[in-house]
Amino acid sequence: MSGFLDTYAYLTLTEQAILTLAAMVLVSSFALLAQSRVVATIRLFALQGFLLVVVTALVALNTQEYHLFYSAGLTLLLKVWFVPWLLTRQARRLGILRDLDSLLRPGVVLIAAGALVIFCYSVALPIQRFAESITRDAIAISLAVVMLSMLMLITRRKAITQVVGFMSMENGLFFGAVTATQGMPMVVELGVAFDVLIAAVVFGVFFFHIRDSIESLDVDMLNQLTEVDE
Amino acid sequence: MSEFSSTLLTAVSFGLLFAAALASMLVGRRRLWITWLVFPLMGFAGLAALLAAGVVLLGNPGFDSTLPLGLPWLPWHLRMDGLSAFFLALIGIGTITSSLFGPGYVREYLRGPYPLGLLGLMTSLFIIGMELVVLADDAFSFMIAWELMSVSSYFLVAYQHHQPANRRAAFLYLLMAQIGAVLILLSFGIFASFGGAFTFDAFRAIQLSPIWASVAFGLGLLGFGMKAGMFPVHAWLPEAHPVAPSHISALMSGVMLKVAIYGFVRLTFDLIGTLYWSWGVVLLIVGSVTALFGVLYALMQNDVKRLLAYSSVENIGIIFIGLGLAVLFIGAGYPKLGSLGLIAALYHALSHALFKSLLFLGAGTILQQTHEHDMGKMGGLIRRMPWTALFFLIGCISISALPPFTGFVSEWLTFQTALQATILESGVLRAVVPITAAMLALTGALAATCFVKLYGIVFLGQPRSRRVKHAREGTSGMLWGQGLLAGLCLLFGILGAPTVAILSRVVAGLTGSHVTSATAHGWLWLTPVAPEVASYSGPMVLFGVTLALLAWGAVYLLLCKHRRLKPIQRGPAWGCGFGRLTPNMQYTGTAFVMPIQQIFRPVWRVHEEQQRELSTELRSHPTQLGYQLQIEDITWRWLYQPVVKLIQASARKVGLLQTGNLRHYLTYSFVTLVVLLWLIS
Amino acid sequence: MVDFLNPADWVFVWLQTLLFVLLAPLFSGWIKWLKCLLQNRRPPSLLQPYRDLLRLVRKDVLLADNASVLFRGAPYIICGCTVLAASVVPLLVLHQPISAMADVIVLVGLFALARFFLALAGMDVGTAFGGMGSSREMTVSALAEPAMLMVVFTLSMVASSTNLSTLVEHGLQQQSVLRPSILFALIALIMVAIAENARIPVDNPATHLELTMIHEAMILEYSGRHLAMMELASQLKLTTYAVLIIDLFFPWGIAQSASAAGLGMAVVAIAVKLSLLGLLLALGETAVAKMRLFKAPTFLAMSFALAMIGMLSFVILESSK
């Protein structure tokens, strides 16, 4: 019978679960890209964070790198609870929680996203060949999550959804770090976590300032800030 | 003996066609000649061609001959191998059926302003041209035959030249045919400049460097693609096919497009020989885009023949997907799977030749009986022309790739080839190939929608105009032509395994790899790779469907007595409270595809216009409502108009040279002379 | 290849198909029964669908004035194609001779053939409703069919086969393998099954509300035995999809050969799994509201995207060399 070499079936169940969750993280990225309601975007972001927590815990189990449990806990606290809570609160106070930030051409964006995933895969192939880790396939996924988040940053018009895109990009990097290299050193991780925290707070302050200065959270309106007279 | 018989039969075919051409020139006033002499001659020529091809396809060797025609140092080489024979058979079938159909159809031209002799002459030359193309074995005779085919078909498209739209379509066709011919010529030129000879044998012997091979491939793809109707160079096709007489449309769409495919296959798989997988990716992308684009535009058409023309674009895309898979697998080092892809492509070429000819003949019958192009005026024809309706239904089922008819087998084979992509080393290819398959699946589903629309609006429901209400069935010749094709659609849908066995022999001549596994389990089972991987049995599916029809018959017979006592009640359908149903209450073609138009909106340039006149007394009560929709081909705006603008702008620049001053012209001559002298030195 | 000429096997094929056809009304009755219970209504008997069908068969046929021969033949063809499709899907035992007749792609093709005639039959009389139903049905299927084929492609790439028996056997061998591709394929297939069988949230089988109906609009003009056949075909289609989902994703318990013990086990397994699936469907239909018709394409595009991601995750995560 023709076919491929089915090495996947010989992985342990934990490893299979890690890869399955990796795919789910990718799906959550797609969903983030396609979702137009602000509140749903925030919820999806929380879900993505939760998937990351589970992946981290599973990797910790699988590799016996128990410090990863701390990362998992930190992520749970920060990305599943705090940042979504903060964003939701601010959105509610700004009165944009139920707003739509719809894509101009959802079909084209999703096709582009699919092409990006294949592109990331082809780029990641040589890296995978050298990597020792069993979960090296996840590198492509991590890269794809980063790329999709960037695409989200490009295609969105509301500042709040852009922030979610930015955070999701960080998720992609974190995911890559956890699966490919069993996590960064604790110091770096704490630093990054702190950065995310600060970023969330600073963005929150910014929202109000942007709204006060241009009376909208539509980033396309920021062109008005140009000093050149047309 | 057999070699002799195929040569003889081919010669007979050509002889009969020349006789037909001669007879048409002599027709003059004797118009009955065309029905009783020219068309039968062409029909027998087609039969002879089919037999000649059949002899070779059944495993006998072909022939190889040199004719004392052409240039003194370059006689014409003719050669028949499996590939030529396969396409010659397609031409034969197309010729036979359109000559059966023709006599009845041209009756309406008898009292028209157009000379029938010209129609016969050009049709004969057209068929001669196509037969010569598939037999030519050197670049020179190939190009002559190609031009003969193009120019004679130009006259056929322009046949009803009193309408300006027809002249415009014909000119566009000629223009694009000539550009395509130049590209093909350039592609051959690359071979000739490296090998120094013009015969295909010499071409085969040359090993082009990858870059030159790619250039030759690209030129060939564009040149042959232009003739075949590849996106985005398909623009002539939806213009030219609808305006030609219907049996010519059937020949052009069913057969001539396949001749272009033949040229491409000959160039790529035979002459170039060494294939690169990256070409396969190009073909896959081109094929999927062409298929999807074609079907989406076909969906939006309301002119029956225009819809069929766009659907031809779609099917050419599917053929290109098969070819792309073949190139990709061969380039990646899997010749067996490559052969399977090529078989799928050729099978689809055969399928399309059958069902598209059938549908064009059906459209011709409708056109002749109702004098309507617009679907919006038809409806209910199944009651007026039951046989045409039956054959047209078979065509629609086949083209929608539904079992147990022929379109399904070829698409199924394409799917099966694509699914073998898991063995490829390159991960990106492994991802790209199934996505192509997904596009093909989408295309197939949309095609089904398109043909439900076509059949439902034209044949079902209530007649939407008076002429359609009084339509009558076509002549028996017209019905026989369609019936023959419908029968073949069913036959090739069922006999998948024997057909693949023949195609496997044809393909093995090009790729050197037999697909023996496909037919290893007898004529009943088609197993492309291995029986546990996939199998399909057309005869058994047909058996199942036949059982259902038998059940219908049984119920009918059982209730016969009951029916005599108490006939089936008929009553008016509910008219939604507006009294009886009127034809205006039915869904129109535009309405039918409106949801799809909303989904795929960016694909078309849509011009919508709504008129609404409200009554003066009651503002909410409209007295007249109107809705107009125009679908414009997007390539006109994005490709053709910019090119036209560019040419016009550059022509204006060149025009500056024409100052009208004599001394300037003398200066040009002087400068030219100096430059030439410098070049020579 | 399996021995095709063994008459005993063919008898078994006929019996299994018969069982399939007989089971279909029961399955739909079961879903109706559960839905009634969940919605605090008094449920009809489980056998009500049988009674309905029998009553329809006994009634006389009433045709519209201008109904053509296609209108009268369509129920037989639709019902026949659906039965043919059902006969291919392994209900109790794998490796029957008929499973070689058609693989999964042919199965999709058979459903498509039935749909083709259903849509044409809807347009035959020329009422506005019929055309509306056909247009909507073809739109939904134009998006659902590719999604279904994507699911099929993903599964067949995993198992290197499109043959149903081989697919199921592969699933049996790899029961403990957790694959992202299969997971997404499952979700996508469920969504496709919902759309194809005209269930909530895409269509509501229980109403004749003119603005929203899809399937019912097409069969509005049918009566008597014709209507009975249409009803049976749609019940059978639902059951076939259910069994297909069970076969492809939860194959435990299906018999590898026709032994008495294996058969008994298979009957129990399929009964339990079908009733659970029916329960899930009833729960879903009770909890979810029907969505707007314009949302249906988004729903189907989602299932297509999921199937696509399933395939991609197979290529990226599971088959690298």
Side-chain angles (χ1 to χ4, degrees), chain A residues 1-31 33-36 58 102 106-107 109-111 113-122 124-125 128-129 131 134-144 148 179, chain C residues 1 103 142-143 146-147 150 153-163 165-167 169-188 191 249 294-295 297-321:
Chain A
M1 199 154 81
S2 75
F4 59 101
L5 194 63
D6 194 2
T7 47
Y8 183 88
Y10 300 105
L11 298 178
T12 65
L13 199 60
T14 323
E15 286 159 350
Q16 288 173 0
I18 291 170
L19 287 178
T20 307
L21 283 163
M24 284 162 84
V25 170
L26 186 67
V27 172
S28 67
S29 270
F30 268 96
L33 197 60
Q35 184 55 254
S36 53
L58 281 176
S102 44
V109 171
L110 281 181
I111 291 170
L116 259 183
V117 173
I118 297 175
F119 171 75
C120 291
Y121 175 51
S122 69
L125 269 179
Q128 291 180 11
R129 221 161 273 154
I134 295 166
T135 50
R136 63 179 190 268
D137 289 326
I139 292 178
I141 300 281
S142 128
L143 193 58
L148 291 186
T179 47
Chain C
M1 247 175 155
D103 63 352
L143 297 170
M150 272 321 272
F153 292 165
T154 310
L155 293 172
S156 58
M157 280 168 92
V158 170
S160 300
S161 168
T162 57
N163 186 311
S165 286
T166 319
L167 277 173
E169 204 172 25
H170 190 265
L172 278 175
Q173 283 162 5
Q174 298 205 338
Q175 280 177 19
S176 58
V177 183
L178 180 64
R179 289 177 185 273
S181 53
I182 301 262
L183 189 68
F184 295 134
L186 170 63
I187 302 171
M191 291 168 85
F249 299 98
F294 297 117
K295 290 273 177 192
T298 320
F299 179 81
L300 290 163
M302 250 164 69
S303 80
F304 187 68
L306 266 176
M308 189 89 121
I309 292 174
M311 193 209 69
L312 280 179
S313 59
F314 170 74
V315 170
I316 294 177
L317 295 173
E318 298 166 30
S319 73
S320 49
K321 307 213 167 177

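Chain identifiers are assigned alphabetically (A, B, ...) following the order of the sequence lines, protein sequences preceding nucleic acid strands; residue numbering begins at 1 within each chain.
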From [atom1] ([X]) to [atom2] ([Y]), nearest 0.5 Å:
X	Y	atom1	atom2	answer
Leu143(A)	Tyr121(A)	CG	OH	13.0 Å
Met150(C)	Met311(C)	CE	CE	4.5 Å
Ser181(C)	Leu155(C)	OG	CG	8.0 Å

Requested in this report: Sort Ile118(A) into side chain, backbone, both or neither according to what part of it lies under 4.5 angstrom from a heavy atom of chain C.
Outcome: side chain
Query raised in the report: Given a strict heavy-atom distance threshold of 4.5 Å, which part of Ile141(A) is in contact with chain C: side chain, backbone, both, or neither?
Result: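 The answer is the side chain of Ile141(A).
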Query raised in the report: Between Leu178(C) and chain A, which part of the residue has a heavy atom less than 4.5 Å away: side chain, backbone, both or neither?
Result: both
Requested in this report: Give, as side chain, backbone, both or neither, the part of Ile182(C) having an atom under 4.5 angstrom from any heavy atom of chain A.
Outcome: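 No part of Ile182(C) comes within 4.5 Å of chain A.
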Query raised in the report: Would you say Leu143(C) and Phe304(C) make side-chain contact, with heavy atoms under 4.5 Å?
Result: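 The answer is no; the side chains never approach within 4.5 Å.
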